[in-house]
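Note sheet for the following structure.
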Amino acid sequence: MTREVFSNIGLWLLFTLLIGNYVVDLEASHHVYKRLSQTTNTESPSVNQPYRTGFHFQPPKNWMNDPNGPMIYKGIYHLFYQWNPKGAVWGNIVWAHSTSTDLINWEPHPPAIFPSEPFDINGCWSGSVTILPNGKPVILYTGIDPKNQQVQNIAEPKNISDPYLREWTKSTLNPLMAPDAVNGINASSFRDPTTAWLGQDKKWRVIIGSKINRRGLAITYTSKDFLKWEKSPEPLHYDDGSGMWECPDFFPVTRSGSKGVETSSFGEPNEIKHVLKVSLDDTKHDYYTIGTYDRVKDKFVPDSGFKMDGTAPRYDYGKYYASKTFYDSAKSRRILWGWTNESSSVDDDVEKGWSGIQTIPRKIWLDRSGKQLIQWPVREVERLRTKEVKNLRNKVLKSGSRLEVYGVTAAQADVEVLFKVRDLEKADVIDPSWTDPQLICSQMNVSVKSSFGPFGLMVLASKNLEEYTSVYFRIFKARQNSGKFVVVMCSDQSRSSLEEDNDKTTYGAFVDINPYKPIPLRALIDHSVVESFGGKGRACITSRVYPKLAIGKSSHLFAFNYGSQSVDVLNLNAWSMNSAQIS
Ligand SMILES: OC[C@H]1O[C@@](CO)(OC[C@@]2(O[C@H]3O[C@H](CO)[C@@H](O)[C@H](O)[C@H]3O)O[C@H](CO)[C@@H](O)[C@@H]2O)[C@@H](O)[C@@H]1O
């Protein structure tokens, strides 16, 4: 059926091309595809869906991976994403499309781009939007050609007066960038173009993720007109040994304040730093480095201490991949989107009929230290807060104690808590060999007592704690007689579900905060996802969990302290969250 439809589309398109159209009119194929995506896999997900989210973005059904081409256009936010119209596993990839006025409630549209031409017949993979100086948005995306080579294509809106940009036209000049014998690009590792930026010479630049042997690199192309692109002799940046760089992202950040800057902005060199983010195919994590962009040499130079490989800091120390930012000109902020895959088995995904969510979009900016990025859920999500619970204020959590937070819908909630510790000189000294926070968290699980920690939240917990996910801190002295401390934040999924088949890896991150001050923790809890923010966005951990007992109204929320020293809860606010309008 699919093949038939595609070959009919192909014939029809060939006809329009033969009669001399320079752009491919996709209107008819659009409608056919819309029908197709509505009729394939017609079995809607079963009614009993305890793991579907209430306020995290997800399509009504089927597989979703990377966020693509996020932007704001005429006051409307757009999110495209990699979607399989035919099932809950990866494949048959198209650019699905939704729009929003607040980044939280979404209206679905038919797929914007789908395989129709030789230059993308085997898939429309990830890419980005660039808003041209005349205000017109254009998409650069990776197409998979008949030889399964990865090539870069352009698509533009059919009608720029439609704020929803519902229809897109592919250029007949596609592919604009392709591997060949001369450029020596690896045809199976050449994908995911970024948002382009304008250089001093008025030429556009874009980078594309790639690899040559074990070298991961960001290949630069330049163009005067956005159509004819020339490969630069040198990549923007590379690292030997890091493997394929998927979904690169490259953007400026201001050195002071949390305002975002437009991708082509440079300002004074002492005002702007640049961020290079890559998604490492080898580890499936998103890493970033902060550095300087040399506009003359077209080179990114990481600041001292940063290396663009698996040792670089991560946006999120849980399940989080293929992220992408955009500049929100309406609110002068840079927004980060990221994909969170399931931790359930493929069989379970197929049975529930869907896979993959997007995390709540986060505002992202450079910390005053210049050494790390800070992320915080967009303020708009707070509009879903309802019924605030304030039953924990200035409470002492004695060693081994737990306090239940009553009156909140614990399966769909937003919780903010401020802890305070005293007598820090009693902290245990960290073993100098403990350099990997994930290892610390998994080896010292929640039942292992230190002086300070574990203390934190137990979320998606069953009444008698047969199931719970714990998000907590431990504080160590950096050395004996040292006034420096190491704060570790953990998200322990090992007891999250009675079901055995899920990936229950424990995650961990170091949090760069001063433990003499109050220690903030926020958790966005949404049925099968827990997004945790330590130190006001200095460390983020997203986890996926599938409790069997702690679902819906049977879900509970606790603050706890299993460390040997008491911990104060200065303040704990919890909100039941309304559901967003999404699909
Ligand atoms: O949808 C294609 C885009 O996704 C990216 C990054 O997520 O590449 C993914 C990749 O496929 C693997 O990842 C899938 C989920 O992302 C997974 O389910 C699949 O089984 C994997 O093969 O696509 C290619 C081809 O399979 C592979 O090399 C990647 O890891 C992004 O780079 C693509 O544009």
Side-chain angles (χ1 to χ4, degrees), residues 58-59 62-70 79-97 111-115 119-129 139-145 147-153 155 175 177-179 185-195 206-214 216-219 242-249 277-287 310 315-316 319-324 337-350 354-359 503 542 544:
Q58 60 180 145
N62 296 344
W63 167 274
M64 170 174 67
N65 57 298
D66 316 356
N68 291 156
L79 175 67
F80 305 89
Y81 55 91
Q82 297 277 284
W83 185 59
N84 180 357
K86 296 197 221 153
V89 295
W90 185 85
N92 317 297
I93 294 293
V94 306
W95 275 48
H97 184 198
I113 311 180
F114 44 86
F119 52 75
D120 65 9
I121 200 69
N122 284 326
C124 296
W125 288 12
S126 287
S128 309
V129 160
I139 288 172
L140 284 175
Y141 71 101
T142 300
I144 309 301
D145 78 4
K147 291 190 205 151
N148 278 329
Q149 303 206 101
Q150 297 172 8
V151 300
Q152 315 313 322
N153 304 317
M177 302 164 230
I185 291 172
N186 179 346
S188 61
S189 301
F190 177 52
R191 56 181 180 270
D192 311 336
T194 59
T195 295
V206 69
I207 53 170
I208 294 133
S210 188
K211 92 171 163 180
I212 300 170
N213 301 319
R214 294 288 307 140
L217 68 159
I219 298 176
S242 52
M244 176 63 190
W245 287 8
E246 296 190 314
C247 303
D249 197 16
K277 182 280 303 190
V278 299
S279 303
L280 286 190
D281 194 17
D282 281 11
T283 63
K284 293 285 176 210
H285 298 308
D286 279 12
Y287 302 85
Y315 279 165
D316 190 299
K319 210 159 237 206
Y320 189 86
Y321 197 62
S323 61
K324 189 176 291 297
W337 278 102
W339 163 53
T340 294
N341 199 0
E342 301 303 305
S343 293
S344 46
S345 67
V346 172
D347 283 353
D348 283 358
D349 296 346
V350 170
W354 57 273
S355 177
I357 61 164
Q358 304 291 334
T359 53
D503 167 11
T542 300
R544 299 300 311 277

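All ligand and atom numbering here is 1-based and tracks the order in the structure.
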Within the 4.5 Å heavy-atom criterion, are [X] and [Y] side-chain neighbours or not?
{"X": "V350", "Y": "V89", "answer": "yes"}
{"X": "W83", "Y": "W95", "answer": "no"}
{"X": "S128", "Y": "N68", "answer": "no"}

Does K284 come within less than 4.0 Å of ligand 1, judged by its heavy atoms?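 Right, K284 reaches ligand 1.
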Within the structure, is a non-hydrogen atom of T142 found at a distance of less than 4.0 Å from ligand 1?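 No heavy atom of T142 comes that close to ligand 1.
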Mind checking whether E246 has an N or O less than 3.5 Å away from an N or O of ligand 1?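 Checking ligand 1 against E246, an N or O pair does fall under 3.5 Å apart.
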Below 3.5 Å, N or O to N or O, backbone or side chain included: is there any such pair between W339 and ligand 1?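 Min N/O separation from ligand 1 is not below 3.5 Å for W339.
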Derivation and outcome, salt bridge (charged side-chain N to carboxylate O under 4.0 Å, His left out), residues D282 and K211: CA-CA 12 Å; D282 281 11; K211 92 171 163 180; 5.9 Å; no
Could you list the residues that satisfy side chain to side chain contact (heavy atoms under 4.5 Å, CB included) with D249, not counting sequence neighbours?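 D249 satisfies side chain to side chain contact (heavy atoms under 4.5 Å, CB included) with F251, K277, T325 only.
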Checking side-chain polar atoms at under 3.5 Å, does S189 have a donor or acceptor matched by the opposite partner on Q150?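 Their side chains do not contain a donor-acceptor pair, so the 3.5 Å distance test is not met.
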Check ligand 1 against S126 and write out every atom of the ligand that is under 4.0 Å from a heavy-atom position of the residue.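 Going through ligand 1 atom by atom, the ones under 4.0 Å from S126 are 3 (C), 34 (O).
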Please tell me whether W90 and W339 form a close aromatic pair, meaning their ring centres lie under 6.0 Å apart.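 Not close enough - the centres of the two rings lie 6.0 Å or further apart.
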Counting only heavy atoms, which portion of M64 has something under 4.0 Å from ligand 1: side chain, backbone, both, or neither?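 None of M64 does.
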Counting only heavy atoms closer than 4.0 Å, does ligand 1 sit against the backbone of W63, its side chain, both, or neither?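 The answer is the side chain.
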Shortest reach to [atom] by a heavy atom, considering only [options]:
{"atom": "atom 28 (O) of ligand 1", "options": "R191, Q150, Q82", "value": "R191"}
{"atom": "atom 31 (C) of ligand 1", "options": "N148, D192, D281", "value": "D192"}
{"atom": "atom 3 (C) of ligand 1", "options": "N341, D66, V346, I93", "value": "D66"}

Please check atom 7 (O) of ligand 1 for a protein heavy-atom neighbour under 4.0 Å.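 Under 4.0 Å from atom 7 (O) of ligand 1, at least one protein heavy atom found.
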Would you confirm whether any non-hydrogen atom of the protein falls under 4.0 Å from atom 21 (C) of ligand 1?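 Flag for atom 21 (C) of ligand 1 set to false, no protein heavy atom closer than 4.0 Å.
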